[in-house]
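No hydrogens, no waters, no symmetry mates; every other heavy atom, side chains included, goes into these values.
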Amino acid sequence: MTNAIVMSGIRPTGFLHLGNYFGAVRNYVRMQDQFTCYFMVADLHSLTTHPDTKELKGHVARVLAENIACGLDPEKVALYCQSHVRETTELYLYLNMLAYTGELEKTTTFKDKVRLQPENINAGLLTYPVLQTADIILHRATLVPVGKDQEQHLEMARNFVKRFNHRYGEVFPEPQAFNFGEELVKVPSLDGSGKMSKSENQNATIYLSDEDDLIRKKLMKAKTDAGPTAPETPKPDYIENLFQLMRLVSAEDVVKKFDEDYDQCRIRYGDMKKQLGEDMVKFITPIREKAESIRTNPVYLKEVMEKGAEKARKSAEETMQIVREAMGLKYY
Ligand code: TRP
């Protein structure tokens, strides 16, 4: 255990998939034994794009349940909801005074959202990176496990921190993106195009909530061809993708067998997909079942959220005492 503080936010947009598992959650689970960790469900951030909150409660329950089922331990980490720690919004307000509209308007994610939801370009969308900075520095965290798409937000967070420290004194350390391993594991989508993702082709993405038969069906439909005709032919992308998935969930000797079959031009993709289907089912079933039992247990979820918020508030209150003092907001 080092003293380093880890913080990350998870958007409550429902349904984790295999890409989230290998790309993010597995990293969180490894970190929980080595660092002081704060993992937060970003429910306030979700209001910038989803003002209708009818389904929010269900999404929050699902995202908590799925992360716990993947191995995140609410006893070891602070697992909490953003809206339960009001200090977040106070710090967000202070940071807003240090953020320039010009730099916010230039943010890639803001420009994307402007294109995606031209009817609702709200100020919360513009200051999204400011709120994210508040989440992180509220715990004076330095390590932030996030994907590539969040690097610009972290760079902005460092700028806000520098500006704050310059104006009010050294209060915050500079946070940086952090992940185990040199490269983040990318889980390929089943249609041979890009990564597994929530929004794109649902049949090309395996969700942790998919039932056994649906998993088998999705894998059987994955793109293949008639197989190589000469030994040692390089694998086309969509075949390499199947091997990549197999490396994630199958035993080493199984992968080796199909690799050799490929090189000897005797591979039968039907057999390979069947094997992959069974190994995937074995991998997902226990996670899905555990998640389902947690998701439908409101008493347990309440306990988790209360305990998480309590830990997060303790750290937040300490930071905010220092912040108010540094900012000259203490009059007696
Ligand atoms: N913006 C992040 C995302 O889209 C979610 C997030 C909110 C976050 N607050 C955070 C990530 C703080 C890291 C740290 O995935």
Heavy-atom pair with the smallest gap, counting every atom of Gly277 and Leu219: CA-CD1, 3.4 Å

Could you grab the distance from atom OG1 of Thr205 to atom CG of Leu18, nearest 0.5 Å is fine? 9.5 Å

I need the full list of salt bridge (charged side-chain N to carboxylate O under 4.0 Å, His left out) pairs touching residues 99-126, with sequence neighbours left out, sorted by first then second residue. Glu103-Arg163, Asp112-Arg115

After noting the C-alpha distance and the side-chain angles of Ser293 and Tyr300, does the key distance pass the side-chain hydrogen bond (donor to acceptor under 3.5 Å, both in side chains) rule? CA-CA 10 Å; Ser293 83; Tyr300 174 71; over 6 Å; no

For Asp212, the side chain to side chain contact (heavy atoms under 4.5 Å, CB included) test, sequence neighbours excluded, returns Arg216, Val281, Thr285, Arg288

With the threshold set at 4.0 Å, does a side-chain nitrogen-carboxylate oxygen contact exist between Lys256 and Glu252? no

Is the backbone of Ala251 close enough, under 3.5 Å, to the side chain of Asp279 for a donor and an acceptor to pair up by distance? no

Contacts satisfying salt bridge (charged side-chain N to carboxylate O under 4.0 Å, His left out) that involve residues 144-161 (not counting sequence neighbours) are Lys148-Glu151

Is the backbone of Ala24 close enough, under 3.5 Å, to the side chain of Asn27 for a donor and an acceptor to pair up by distance? no

Please enumerate all residues that pass side chain to side chain donor-acceptor pair (under 3.5 Å) together with Asp43, with sequence neighbours excluded. Ser83

Side chain to side chain contact (heavy atoms under 4.5 Å, CB included) partners for Glu90, two or more places apart: Tyr94, Met320, Arg324

Cationic N near anionic O, under 4.0 Å, Lys257 to Asp253: no

Applying side chain to side chain contact (heavy atoms under 4.5 Å, CB included), name anything that partners Val29, two or more places apart in sequence or on another chain. Val25, Gln32, Leu72

Residues Gly9 and Tyr28: closest non-hydrogen pair is O-OH, 4.4 Å

Within a radius of less than 6.0 Å around CZ of Arg268, do more than 12 heavy atoms belonging to other residues, nucleotides or ligands occur? no

Write out all pairs satisfying salt bridge (charged side-chain N to carboxylate O under 4.0 Å, His left out) with one or both partners inside residues 44-54, taking only residues at least two apart or from two chains. Asp52-Lys54

Examine distances only and state if a side-chain atom of Tyr92 and a backbone atom of Thr133 form a donor-acceptor pair shorter than 3.5 Å. no

Once side chain to side chain donor-acceptor pair (under 3.5 Å) is applied, do any residues pair with Glu75, and if so which ones, sequence neighbours excluded? Lys307

Check side chain to side chain contact (heavy atoms under 4.5 Å, CB included) between Glu55 and all other residues, then give those that pass, not counting sequence neighbours. His59

By side chain to side chain donor-acceptor pair (under 3.5 Å), His153 pairs with (sequence neighbours left out) Thr109, Gln132, Gln150

Can you tell me if Asp73 uses its side chain to pair, donor with acceptor, with the backbone of Ile68 under 3.5 Å? no

Under 4.5 Å between side-chain heavy atoms, hopping through other hydrophobics if needed: is there a path connecting Leu214 to Met196? no

Test item: Gln152 side-chain N/O and Thr108 main-chain N/O as donor-acceptor pair under 3.5 Å: yes

Kindly say whether His45 contributes a backbone atom to a donor-acceptor pair with the side chain of Gln82 at under 3.5 angstrom? yes

Answer yes or no: does atom NZ of Lys162 have more than 12 heavy-atom neighbours from other residues, nucleotides or ligands under 6.0 Å? yes

How long is the straight-line distance from CD of Gln117 back to OG1 of Thr49, given to the nearest 0.5 Å? 6.0 Å

Using only atom types and a distance under 3.5 Å, with no angle test, would you say the side chain of Arg295 pairs donor to acceptor with the backbone of Gly58? no

Determine, step by step, whether Tyr238 and Asp225 satisfy the side-chain hydrogen bond (donor to acceptor under 3.5 Å, both in side chains) criterion, reporting the C-alpha distance in whole Å, the side-chain angles of both residues, the deciding distance to 0.1 Å, and the verdict. CA-CA 9 Å; Tyr238 48 92; Asp225 53 29; 2.8 Å; yes

Only pairs at least two apart or in different chains count here, so list each side-chain hydrogen bond (donor to acceptor under 3.5 Å, both in side chains) that has a residue in residues 227-237. Lys235-Asp259

With Ser315, which residues qualify under side chain to side chain donor-acceptor pair (under 3.5 Å), at least two apart? His139

